[in-house]
Each structure stands twice: as structure tokens, then as C-alpha cells.
2 protein chains.
Amino acid sequence: MRMHNPPHPGEVIRELCLTPLKLSVTKAAEGLGVTRKTLSSLLNGRSGISPEMAIRLSKAFGGSPESWLSQQMIYDLWETEHKLGEINVTVFNTI
Amino acid sequence: MRMHNPPHPGEVIRELCLTPLKLSVTKAAEGLGVTRKTLSSLLNGRSGISPEMAIRLSKAFGGSPESWLSQQMIYDLWETEHKLGEINVTVFNTI
DNA sequence: GGAAGTGTAACCCATGACGTTACAAAATGC
DNA sequence: GCATTTTGTAACGTCATGGGTTACACTTCC
């Protein structure tokens, strides 16, 4: 059922990429080819992993773009489910 | 390497959900709780599956929201990779 | 021929990713 | 202690996109 408040992807990036390599936000942003502000927003959960950012992360730190984007997907889905609450939809059939 | 032009998710929805049930776009849109225009845009590839839409599709036609969103993710990634082309990123390390 | 279904254009609005510039606070180095 | 670096963040603009309403033209079906 996948409950339980997934961490926002920014935390994961910081702990998986920056901290182990002792990379500063500034250096990492330069390496990724984005603005310091852009990376900061991501790390602090004010923006998400875009497809473009997923590709950059993949090239810079490894892992597949899909794995990076999947994290974001799970997070977005969790947020949307909790914001949408009950929606009424006609059940047509089971696939 | 996942090449080869993935179909846009709208096609899949039409062939997997509407056609088998002989649902009109209008009826399906009503069932999903969105505008006819919104569904039409999706079916014809002018918009993508948003997290909210993934939840609606899941409730109406079955399948997990993740499976619906994953399709979109693959498609977005493919598009972004072909639009971005060569980007220069510093390779920091392998995970 | 009338009704229903469909695509789509012209609008509006909200959100989000990314950028530049600038400022204040904290950490680091000498 | 003081200067430099790093960091977060605010204010602003740009661009793309999802969703909505309204309206029009075209097709299909009874």
C-alpha cells in the first residue's frame, strides 16, 4: 500500500551524492550544469527532479535516469493522493 | 538502451481502455471526472499523464497509478534525451 | 435531417522549472 | 579577529504545461 511519507528526493540526493563526495552545493551545481539556486531548491524540497535533471544526475553521479525519476514519481503520487482525497470516478472495468 | 520511439501514452490509453469497452471520448471523460477536451488532449498526445490523471485512470480502469505514470516517465525521458542532445556534465563518480 | 461524438482553436488561470541578481547569515581559513 | 566561501532565500522574469470554458466545424449514426 506504500504509505508512510516518502522523503523528498532532494534529501536522497544530498545524502547519496553530495555528502559522500564532500561536494559543496556550489561545486555540485557547477558540475551538473545548473544554477546554484536550482540545485538548492531541489535539495531543500522546493522543486522536484525534472526529466532534464534526472539525466544530469544520471550522467554526473550514475544510476539510470529512470531510477531518479521514479523516486520523484513516487513522491508526486503520494502528495497528489493526499491532496486529492476522495475523487469520484466511474469504475469501468478491471484491466 | 531503450531506444525506439515509445508510443505516447494517449495511444495506449485509447487502445487499452476506450476501444475494448467501446467507450466514446465523451463518456470516458465524464467517467474520469475531467473535461472532454482534457481527455482528448491526452489521447492525441498533446498533454501527458499527470499524477492526478494517473490516479483517475487507476480508479476507473484498474492498474496502479505507478504503472500509468511510469509510461509517461519513459516517454518524457525519451523526449528530453532527444531534445537535450549533448549536455556537458562533470562526471563525479559512480554510485 | 437531426443528434451525438469528435477534434481543435482561442481564451483564462495556476503551477512549476530555470534563470539572474542581490542580500544576509553561517562556516571556513588564515 | 577578519576575510573568504558557502549557503539559503527573496524578488523578479521567462517558458512550458495541465486544466477549464466556450465555440465552431466535421463526421457518423439513427
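Keep in mind that the numbers below use all heavy atoms, side chains included, and drop hydrogens, waters and symmetry copies.
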Contact boundaries on DNA chain C for chain B, cut-off under 4.0 Å to non-hydrogen atoms = C:dG5 to C:dA10

Side chains of [X] and [Y]: closer than 4.5 Å at any heavy-atom pair?
X	Y	result
B:F61	B:L16	no
A:I13	A:I49	yes
A:F92	B:L18	no
B:L77	A:E66	yes

CA sep, side-chain torsions, deciding dist, call: A:R14, A:T19, side-chain contact (heavy atoms from CB on, under 4.5 Å) | CA-CA 6 Å; A:R14 178 173 260 136; A:T19 308; 4.0 Å; yes

B:H8 side chain vs B:G48 backbone, donor-acceptor pair below 3.5 Å |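 Judged by distance alone, no pair lies under 3.5 Å.
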
A:S58 side chain to A:S64 main-chain N or O, any donor-acceptor pair under 3.5 Å?
->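 Not a single qualifying donor-acceptor pair exists.
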
Chi angles and distances behind the side-chain contact (heavy atoms from CB on, under 4.5 Å) call for A:T38, A:L32 = CA-CA 10 Å; A:T38 297; A:L32 287 167; over 6 Å; no

Under a 4.0 Å heavy-atom criterion, the protein footprint on nucleotides 9-26 of chain D, written with B, S and -, is BBB------SSBB-B---

Might you work through the side-chain contact (heavy atoms from CB on, under 4.5 Å) test for B:V12 and B:Y75, ending with a clear yes or no?
-> CA-CA 12 Å; B:V12 182; B:Y75 187 74; over 6 Å; no

Steps toward side-chain contact (heavy atoms from CB on, under 4.5 Å) verdict (B:I87, A:R56) | CA-CA 8 Å; B:I87 57 176; A:R56 292 183 186 277; 3.8 Å; yes

Starting from the first five and the last five pairs of the helix from C:dG1-D:dC30 to C:dC30-D:dG1, work out the angle between the resulting helix axes, to 10 degrees.
-> 30°

